[in-house]
Trainee: 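The structure that follows is given in the form of structure tokens.
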Amino acid sequence: ELLLSPLPAGGIAATFQFRTRWDAAPGRVSHYRLFPKALGQLVAARGVRELHLALTQGFWRTRIWGQPPLQAPAGAELWVWFQDTVADVDKAWKELSNILSGIFCASLNFIDSTNSVTPTASFKPLGLANGTDHRLLRYAVLPREVVCTENLTPWKKLLPCGSKAGLAVLLKAERLFHSSYHSQAVHIRPICRDASCQAVSWELRQTLTVVFENFSGTQGKKDWSLFKMFSRTITEACPLASQSKIYVDTSVKDKELVEVTPSPTSLHEAIVQGEKRTYAVYDLLSPSLFNTSRSLNVQLKMTWPQDMELSTPVLHAHRYVSGYGLQTGKISTLIYNTHPYRAFPVILLETVPWYLRLYVHTLTIITKGKENKPSYIHYQPAQDRRRPHLLEMLIQLPANSVTKITIQFERALLKWTEYPPDPNHGFYFLPPSGALVPSVIAMKELDMEQSPLFTSL
Amino acid sequence: MAAPLVLALVAAVTVRAALFRSSLAAFISERVEVASPLNAWQRVVEGLALLDLGVSPYSGAVFHETPLMIYLFHFLIEYAELVFMVSGLASSDSLWSFSLVQFKKQKLLIELDKYASDVAELIRTPMEMHYIPLKVALCYLLNPYTVMSCVAKSTCSINNTVIAFFVLATIKGSAFLSAIFLALATYQSLYPVTLFAPALLYLLQRQFIPVKLKSKSFWLYTMQYAALYLCSLVVIICLSFFLLNSWDFIPAVYGFILSVPDLTPNIGLFWYFFAEMFEHFSLFFVCVFQINVFFYTVPLAVKLKEHPMFFMFVQLAIISIFKSYPTVGDVALYMAFLPVWSHLYRFLQNIFILSCVIVFCSLLFPVLWHLWIYAGSANSNFYYAITLAFNVGQILLISDYFYAFLRREYYLTHGLYLQRQDGTEAMLVLK
């Protein structure tokens, strides 16, 4: 599936999603069919229940681009649920990150005890799971990780057709990395094989999101095509695929402003994140598409209304470090809830490396000038050279409010071997991760299931 | 005599109260010279916050106070400023009474007619001695180091109080109290364990028991004192265990003091060495650096066995120079003893230069810190150079006092005007 959606600020986001299902219990059969063998063996050998790996370059600008289709922090993010049969989770985690580092040519081998944590409340298994024992969960972020072609190539090799046919032919590295935002991810999770849920299958979901910003013409006119974006066109669907579709988001207030060529095979309407959206759908498996020209080049011309107000997303966050000098500082996070009448509970997860000593007694949470006491707080202080700080909070965000969370830290003096390479980069702060609490997540997931990108099998 | 002391106390309280209320308090409490990772007030508050969150304060790398200290401040957090003021005053009071007692001894020695005949000018007149206790109290109370460490609410000033009480109990001859306070001081910061030797020597001297390895009464008394000390130490440690119900505090407090994992700059010698050292040497050098504190006790005990109080002073100075996380509060403690040895001024060789070194280094600390951390135009070498100069100054000061003391003792017994065999004036050369 490919979802193309124009962004309010004049860019265009393309989200690819490839799903492979593996109808076998891991470990017993060594027949992998379409499921990549490297990952299949990994899942079987290391007792992985769920695996989520995202490699991202750039920041998703939520305030001007709206909610992202797939969330990922800058750098590399890895979180894994292990099976409860795994005896030594830390060892399995270490081995797993090293193997993944080899598979994806990424520096995931730098994941060790100093940057991985076991959050207690922030993550839930996305697939089938009985019991959520958070001791089986490991989470790590490497914000320094630079994503490039060498990470994309192994990612493409995991696809059944490689980059030979289907939507994957559009994935040309020189265009993908010439963009404002690039995020590629691999998700493995157990799902039900059928509606009765008698047997378990493994689902591999590979997603890739890019944002191109250099297509806005003069006077708000925008004009792009697949060829302009990817310098390729689609010639055929992958013969192995059971479903292959392109969705183009055409939901603008004024219908005449948008023009899509060639005419889509069908129209699809869905409610995504509380908004009604219309998509033009191209089904690559229908033979009529390739009859005329042997290749498909979707084009979209639209005039952007000059005075369109930016619809700010309901929840967004903004974060900065303040203070001067190298002794102390303060991390501030601003969370906006622009919803006119609904309050949202949010779980915030902060992972701070040990060389920034957090002082939890300086933690303040202020909403509308008043102190907002978190209803749940879990804090695990860091130990020098052994583990990072972990702070999880459940905060109520009242309707139409800004919540400011600040905490002070002190920089530790490092040994000369402990400084990261390229000192001109400075030190990276790990991005916090926010999650809505279960009741709201359920609501959100419902939304997502209706959206074409997330149609569950 | 009491009136000037009260006046000094009032002045000290005023200075502290004024500083607590001023904007300088926040600045001072951030100074690395005043608050080390071991005793910074911010870390005490953090430990209490962790305790409130239901997390063991020792599970992180921030909190290194002893459990008794947590519980002291658990109940007194509102009155923290008061606690620190009272501790400052208490230590100065006990130092004052200490110096009062100290001079009764000299009278006794004169009466015994032990000294040579021509040394009258070396012996302090009662007039001089009259003011020394007050000078000691003033030297502690109004010393900028003490004031800063009190305003920064560094728990170092509480440790100083405990040590001052220990010194007072020792000089009053109360072996029981002395052992208890020594155990408390050891429990707080480990290094005062070396003060066991001077305290024992002093108590033996008071009991007129000769320090002879073959004498039975010597061993009996030593065993008694050691047993008292060890028992109180065990009681205190067990009490801490029952307060928190875990032994976590042992590695977090004593392991932290001995292995020096936190390299936050301070006025000591450790941080820079271990930040720049190859990893595989660091264990060896940690041992070498730590041995420094304990190493000098034995030779000093042999040399100064007749003068346990001077030994105590030298040992306190050694602790404050060579300990792993020193602060200016530690320096202030031994500096308060300097007026007691005012009769040594005559023999000090470079007191002027050394005082200048210490004063200028103290002024340069914040300057170079600013250049390094805020202005970015210097680096850690600059700051460490000043640390080094400061410590060299302290070491030379102590050795100067030490030699002066030895010379005075020599003159007291051999006469001030020495003559060679051929009748010319002799020079005393220390080797």
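Any value given below was found using the heavy atoms of this structure, including those in side chains, with hydrogens, waters and symmetry copies removed. As the structure is a prediction and not an experimental result, all values here were calculated from the model. Proteins come first, then strands; the chains are lettered A, B, ... in the order of their sequence lines, and each starts at number 1.
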Trainee: Please look at B:Asp52 and chain A and tell me whether the side chain, the backbone, both or neither of the residue comes under 4.5 angstrom of a heavy atom of that chain.
Mentor: neither
Trainee: Measure the shortest side-chain to side-chain distance between A:Thr328 and B:Glu30 over non-hydrogen atoms and say whether it is less than 4.5 angstrom.
Mentor: yes
Trainee: Rounded to the nearest 0.5 Å, what separates atom OG in B:Ser380 from atom CH2 in A:Trp416?
Mentor: 14.0 Å
Trainee: What's the spacing between A:Leu363 CG and B:Leu53 CG if we round to 0.5 Å?
Mentor: 9.0 Å
Trainee: What option among B:Val32, B:Val45, B:Leu50 has the most heavy-atom pairs under 4.5 Å with chain A?
Mentor: B:Val45
Trainee: Between A:Lys415, A:Glu410, A:Arg385, A:Gln380, which shows the greatest number of heavy-atom pairs under 4.5 Å with chain B?
Mentor: A:Lys415
Trainee: When rounded to the nearest 0.5 angstrom, what is the spacing between CD in A:Gln383 and OG in B:Ser59?
Mentor: 7.0 Å
Trainee: Would you check if the side chain of B:Arg43 reaches a backbone N or O of A:Tyr359 as a donor-acceptor pair within less than 3.5 Å?
Mentor: no
Trainee: Taking every non-hydrogen pair under 4.5 Å, which of B:Ala275, B:Ala49, B:Ser282 racks up the most with chain A?
Mentor: B:Ala275
Trainee: State the CD-OG1 distance between B:Glu276 and A:Thr417, to the nearest 0.5 angstrom.
Mentor: 10.0 Å
Trainee: Please check if the number of heavy atoms outside B:Phe273 that lie under 6.0 Å from its CZ is greater than 12.
Mentor: no
Trainee: Donor-acceptor pair, B:Glu46 side chain versus A:His361 backbone, under 3.5 Å?
Mentor: yes
Trainee: Using a cut-off of under 4.5 Å for heavy-atom pairs, which of A:Arg387, A:His389, A:His378, A:Arg386 has the most such pairs with chain B?
Mentor: A:Arg387
Trainee: Rounded at 0.5 Å granularity, tell me how far CG in A:Leu413 sits from OG1 in B:Thr264.
Mentor: 7.0 Å
Trainee: Taking side chain as everything from C-beta outward and backbone as N, CA, C, O, which of these in A:Ala382 sits under 4.5 Å from a heavy atom of chain B? Side chain, backbone, both or neither.
Mentor: backbone
Trainee: Take atom CG in B:Leu283; do more than 12 heavy atoms of anything else shown fall under 6.0 Å from it?
Mentor: no
Trainee: Is the count of non-hydrogen atoms from other residues, nucleotides or ligands lying under 6.0 Å from A:Lys368 atom NZ greater than 12?
Mentor: yes
Trainee: Contact part of B:Leu263 toward chain A, heavy-atom cut-off under 4.5 Å: side chain, backbone, both or neither?
Mentor: both
Trainee: Under a 4.5 Å cut-off applied to non-hydrogen side-chain atoms, are A:Gln408 and B:Gln42 in contact?
Mentor: yes
Trainee: Check whether more than 12 heavy atoms from other residues, nucleotides or ligands sit under 6.0 Å from atom CZ of B:Phe360, and answer yes or no.
Mentor: no
Trainee: Select one option (side chain, backbone, both, neither) describing which atoms of B:Phe63 are under 4.5 Å from chain A's heavy atoms.
Mentor: neither
Trainee: Where on B:Val62 is there a heavy atom nearer than 4.5 Å to chain A: the side chain, the backbone, both, or neither?
Mentor: side chain
